[in-house]
Amino acid sequence: MPVSKAQQKAVSRYVKSNYDRLELTVPKGQKDIIKAHAEAHGESVNAFINRAIAQAMEQDKAPQRPQEAPAVQDTTQAKERPTEGIPLHTLEQRIRKKLYKHGGTIKKSRKSGGYTVVYEDTTLDFPDYAALLEYAQRLDKE
C-alpha cells in the first residue's frame, strides 16, 4: 500500500526533530565492505557505524582517566571464574576477535539466543553462550 504525502511529511518531521544526520564519505568499494561486515555481525550499517563510533569514543576516554592502584585479588578465584562480572557483549566481542583470526564470523539469533559461527565453507550452530565459549577455548588450544 502506498504511503500518503501526509504520512511522509509526518515521518520527515519526526526524523528531523529527533535525529541528527551525518554524511559519510568512503573510498569506492568500501561501502560494500562495510555493509557485508555489518550483515555478517547481524546488524545494519547504521547500527554498526554507531557502535564503532561509540567504542572509539569510549576507548579514547580511557587514557584520560586517572590511574588507580591495582586492586589486590585472589588469583585462585579469578582463574576459576575468568568471566564473572564482565558484560556478555564484551565477552562476545572477545570471541568475535578470536573467530576473526581463524577466518570466521559470528551471528547471534535474536529469537533463540543461540549463535552461528560462519566460515567460508562451513557453519556451526551453538545453542547458547557456554557452548560457543567452549568452542572458542578449543580454538586457542589448537
Side-chain angles (χ1 to χ4, degrees), residues 1-4 7-142:
M1 177 163 66
V3 178
S4 69
Q7 181 67 31
Q8 289 174 351
K9 285 182 182 180
V11 169
S12 179
R13 277 193 312 269
Y14 176 82
V15 169
K16 195 172 189 177
S17 66
N18 291 290
Y19 295 98
D20 289 326
R21 297 190 61 84
L22 297 174
E23 183 176 334
L24 177 66
T25 305
V26 295
K28 285 274 187 199
Q30 189 71 19
K31 178 181 174 183
D32 294 332
I33 294 168
I34 293 168
K35 185 176 180 183
H37 180 84
E39 288 174 357
H41 289 82
E43 57 190 348
S44 68
V45 172
N46 191 62
F48 166 65
I49 291 171
N50 278 311
R51 180 174 58 83
I53 290 169
Q55 285 178 344
M57 289 172 63
E58 186 64 30
Q59 185 178 0
D60 289 348
K61 279 192 228 174
Q64 297 171 358
R65 294 184 188 143
Q67 298 233 348
E68 297 176 8
V72 178
Q73 294 180 349
D74 181 359
T75 57
T76 57
Q77 289 179 351
K79 288 178 184 174
E80 293 170 9
R81 298 174 286 170
T83 60
E84 187 174 309
I86 301 173
L88 182 60
H89 66 276
T90 303
L91 298 171
E92 289 172 353
Q93 286 299 330
R94 289 180 185 174
I95 292 175
R96 281 185 202 284
K97 288 179 184 179
K98 286 180 189 179
L99 292 172
Y100 184 75
K101 289 178 185 176
H102 292 278
T105 59
I106 184 174
K107 293 182 181 180
K108 184 174 182 180
S109 171
R110 293 179 190 259
K111 290 182 181 177
S112 70
Y115 297 86
T116 302
V117 175
V118 180
Y119 293 101
E120 279 187 22
D121 56 348
T122 309
T123 60
L124 305 169
D125 292 318
F126 300 93
D128 56 16
Y129 176 76
L132 178 66
L133 179 61
E134 184 180 319
Y135 174 74
Q137 289 170 342
R138 278 188 274 139
L139 280 177
D140 284 341
K141 292 177 184 176
E142 294 176 356

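Interatomic distance, I95 CD1 to Q137 CD, rounded to the nearest 0.5 Å: 8.0 Å. The CG atom of L139 sits 8.0 Å away from the NZ atom of K98 when rounded to the nearest 0.5 Å. Between the CG atom in L132 and the CG atom in L124 there is a gap of 10.0 Å [rounded to 0.5 Å]. Note that CG of D125 is 10.5 Å distant from NZ of K107, once rounded to the nearest 0.5 Å. One distance of note links OG1 of T25 with CD of Q30; it measures 12.5 Å at 0.5 Å rounding. If you take CD on E134 and CZ on R138, they are separated by 5.0 Å, rounding to the nearest 0.5 Å.
Between K61 and E58, the closest side-chain pair of non-hydrogen atoms falls below 4.5 Å. The shortest side-chain heavy-atom distance between L99 and Y135 falls under the 4.5 Å cut-off. With a 4.5 Å cut-off on side-chain heavy atoms, Q59 and Q55 do not count as touching.
Of all heavy-atom pairs between I106 and R96, the closest is CG2-NH1, 2.7 Å. Across A38 and S44, no two heavy atoms sit closer than the pair CB-O, 3.7 Å.
In the displayed structure, Y100 atom OH is contacted under 6.0 Å by at most 12 heavy atoms of other residues, nucleotides or ligands.
Residues satisfying the ring pair (Phe, Tyr, Trp, His ring centres under 6.0 Å) criterion with H37, sequence neighbours excluded, are H41, F48.
F126 pairs with exactly one of V117, T116, L133 by the side-chain contact (heavy atoms from CB on, under 4.5 Å) rule, that one being V117.
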